[in-house]
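What's counted below: heavy atoms across the whole structure, side chains too, no hydrogens, waters or symmetry copies.
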Amino acid sequence: MSSSEGELRSSSSELDLDRPNIEDYLPSGSSIHEPRGKLRLRDLLDISPTLTEAAGAIVDDSFTRCFKSNPPEPWNWNVYLFPLWCFGVAIRYLILFPVRVIVLTIGWIIFLSSFIPVHFLLKGHDKLRKKIERVLVELICSFFVASWTGVVKYHGPRPSMRPKQVFVANHTSMIDFIVLEQMNAFAVIMQKHPGWVGLLQSIILESVGCIWFNRSEAKDREIVARKLREHIQGVDNNPLLIFPEGTCVNNQYSVMFKKGAFELGCTVCPIAIKYNKIFVDAFWNSRKQSFTMHLLQLMTSWAVVCDVWYLEPQNLKPGETPIEFAERVRDIISVRACLKKVPWDGYLKYSRPRPEHRERKQQSFAESVLRRLEEK
């Protein structure tokens with residue numbers, strides 16, 4: 001690569017760096033700019049912007065990479081290391097996993113035997129009941145972290161209960177909530193889930209003031225916005241925790257923050273979460289894996305290693321819009337957690353391209369190919 005190309009690349013934006021060079025993926029010594037003879041793939045790439053765009057998307061897509069789990073490089077590749085790897089598998093599945101199941105079972109027994117009486121017998125003593133339930137939720141979250149042999153290091157002052165403040169954090173998995181909840185009982189804004197997770201949300205987590213929504217229900221947005229404003233005004237309410245990305249990202253990238261948490265007129269307290277992938281990838285891809293299987297993956301690993309930073313509170317500056325405020329907070333979290341910012345809306349992974357858009361691309365491609373065939 002020439003020095004001029006290197007200077008150009010170094011001065012490009014991060015988005016430009018994510019865009020691949022098609023020539024890098026052609027056979028060595030080839031170029032897409034060759035004398036025209038036979039119809040070849042590189043000729044089509046040369047004359048068709050649609051194909052060039054599509055090939056670039058296939059080779060290197062900065063959006064889909066935000067939601068991909070990168071498996072570790074295999075190291076058990078020879079006769080000396082393979083027996084050691086087998087020994088490690090036996091330790092994790094035959095010793096550590098049963099012990100962790102026992103630990104989690106004991107935690108649930110302690111939690112349910114305490115939570116159920118407190119929840120139903122102290123109906124008339126709301127302040128005392130909420131205080132005990134808060135401690136019990138923190139306890140069961142601690143048992144969950146112990147069942148992964150969680151090694152979590154917290155940096156900065158512990159959150160306190162104050163009105164007109166909201167905590168925001170980057171989002172990798174539902175275990176983000178558990179990791180944060182074991183230190184302080186947050187009221188979280190979260191997607192309503194089916195199955196046993198939804199049951200826990202409805203019965204247990206609502207006791208700490210959590211708010212649920214459904215992405216498919218447009219009216220839920222207005223209800224959630226109203227509940228958010230009501231919650232931050234309460235002096236005795238648990239601190240409010242929001243994951244403004246709105247979806248799980250693989251802890252290497254940071255997608256756009258939703259502005260809802262930044263237009264409440266309150267102090268925003270950023271939290272940066274960074275997982276060490278040395279033993280397990282904590283990213284949860286909900287489209288490919290249920291949360292139960294995700295927990296089993298964590299419980300059969302050696303450990304979950306994580307750092308959590310409670311960063312300096314931020315307020316809206318004069319003349320700053322909520323969107324600019326959200327980007328500024330995203331910058332702070334991304335720098336602290338070593339995340340690469342990308343200009344994508346995380347909700348795009350839940351939507352499909354419109355038929356009109358696909359038809360325009362197909363028509364453009366067909367016209368390019370027909371013109372090229374006519375020239376031949």
Side-chain angles (χ1 to χ4, degrees), residues 130 134 137-138 141 154-192 201 205-213 215 220-249 254-274 308-318 320-337 339 341 345-347:
K130 288 182 179 180
R134 185 183 305 126
V137 170
E138 293 176 4
C141 288
Y154 297 90
H155 311 264
R158 182 173 175 173
S160 57
M161 294 176 59
R162 296 177 184 176
K164 293 188 176 181
Q165 72 172 2
V166 59
F167 291 81
V168 298
N170 58 299
H171 198 23
T172 305
S173 167
M174 201 187 301
I175 71 168
D176 298 338
F177 167 72
I178 299 176
V179 167
L180 297 175
E181 197 80 1
Q182 74 159 346
M183 286 295 291
N184 194 87
F186 287 100
V188 69
I189 312 301
M190 189 181 293
Q191 163 77 20
K192 184 69 175 179
Q201 288 177 322
L205 295 182
E206 280 192 1
S207 64
V208 293
C210 295
I211 302 173
W212 317 117
F213 67 92
R215 290 189 181 93
D220 279 9
R221 299 179 182 179
E222 300 178 1
I223 298 174
V224 168
R226 175 176 54 79
K227 288 183 177 180
L228 289 178
R229 298 184 184 278
E230 293 174 354
H231 186 97
I232 62 175
Q233 301 297 329
V235 179
D236 296 328
N237 290 338
N238 293 320
L240 187 62
L241 174 64
I242 299 177
F243 298 105
E245 289 174 304
T247 187
C248 294
V249 188
S254 172
V255 298
M256 292 172 58
F257 280 10
K258 302 296 181 182
K259 66 177 183 177
F262 304 91
E263 55 186 5
L264 298 175
C266 62
T267 300
V268 175
C269 304
I271 301 176
I273 306 173
K274 185 66 175 181
V308 176
W309 290 272
Y310 299 109
L311 304 175
E312 184 179 353
Q314 304 292 320
N315 290 285
L316 187 69
K317 295 180 178 179
E320 189 176 39
T321 65
I323 295 178
E324 294 170 341
F325 186 22
E327 280 301 298
R328 179 161 60 87
V329 172
R330 182 162 78 115
D331 286 339
I332 295 172
I333 293 176
S334 299
V335 170
R336 178 66 274 183
L339 305 176
K341 289 179 57 182
D345 184 344
Y347 277 10

### Task
Tell me, please, which residues at least two apart from Arg134 pass salt bridge (Lys or Arg N to Asp or Glu O under 4.0 Å).
none
### Task
Please identify each residue that fulfils salt bridge (Lys or Arg N to Asp or Glu O under 4.0 Å) with Arg330, with sequence neighbours left out.
Glu327
### Task
Any salt bridge (Lys or Arg N to Asp or Glu O under 4.0 Å) involving residues 255-271? Give me the pairs, sequence neighbours left out, ordered by first then second residue.
Lys258-Asp345
### Query
Which pair of heavy atoms, one from Ala337 and one from Ala272, lies closest together, and at what distance?
CB-CB, 4.0 Å
### Query
Which pair of heavy atoms, one from Ala261 and one from Val168, lies closest together, and at what distance?
CB-CG1, 4.0 Å
### Query
In terms of heavy-atom contacts, does NZ of Lys274 have more than 12 from other residues, nucleotides or ligands at under 6.0 Å?
yes
### Task
Could you pull out all residues at least two apart from Tyr310 that satisfy ring-ring contact (aromatic ring centres under 6.0 Å, His included)?
none
### Task
Mind running side-chain contact (heavy atoms from CB on, under 4.5 Å) on Glu245 and Met256 for me, showing each step along the way?
CA-CA 6 Å; Glu245 289 174 304; Met256 292 172 58; over 6 Å; no
### Message
Which residues pass the ring-ring contact (aromatic ring centres under 6.0 Å, His included) test with Phe262, not counting sequence neighbours?
### Response
Phe325
### Query
Quick one: side chain to side chain donor-acceptor pair (under 3.5 Å) partners of Asp176, sequence neighbours excluded?
His171, Tyr275
### Task
Only counting residues at least two apart or in another chain, list the ones meeting side-chain contact (heavy atoms from CB on, under 4.5 Å) with Thr267.
Gln165, Cys269, Pro313, Asn315
### Query
Of all residues at least two apart in sequence or in a different chain, which pass the salt bridge (Lys or Arg N to Asp or Glu O under 4.0 Å) check with Glu230?
Arg226
### Query
For Glu138, what residues pass the side chain to side chain donor-acceptor pair (under 3.5 Å) criterion, not counting sequence neighbours?
none
### Task
Nearest 0.5 Å please: distance from the OG1 atom of Thr172 over to the CD1 atom of Ile175.
8.0 Å
### Query
Looking only at heavy atoms, what is the nearest atom pair of Pro244 and Ala169, with distance?
CD-O, 3.4 Å
### Summary
CD1 of Ile273 to CG of Leu180, rounded to nearest 0.5 Å, is 4.0 Å
### Message
Could you work out, with side-chain contact (heavy atoms from CB on, under 4.5 Å) as the rule, every residue matching Leu264, not counting sequence neighbours?
### Response
Leu228, Arg229, Ile232, Cys266
### Atom pair CG/CD1 of Leu311 and Ile333 - distance to nearest 0.5 Å
6.5 Å
### Query
Of the non-hydrogen atoms in Arg328 and Leu316, which two are nearest, and what is the gap between them?
NH2-CA, 4.4 Å
### Task
Name all residues meeting the side-chain contact (heavy atoms from CB on, under 4.5 Å) criterion together with Ile178; count only those two or more places apart in sequence or in a different chain, and write none if there are none.
Cys141, Phe144, Val145, Trp148
### Phe167: which of Trp309, Phe177, Phe243, Phe186 passes ring pair (Phe, Tyr, Trp, His ring centres under 6.0 Å)
Phe186
### Query
If you round to the nearest 0.5 Å, how far is CG of Asp331 from NZ of Lys341?
3.5 Å
### Task
Return the set of residues passing ring-ring contact (aromatic ring centres under 6.0 Å, His included) with His231 (not counting sequence neighbours), or none when no residue passes.
none
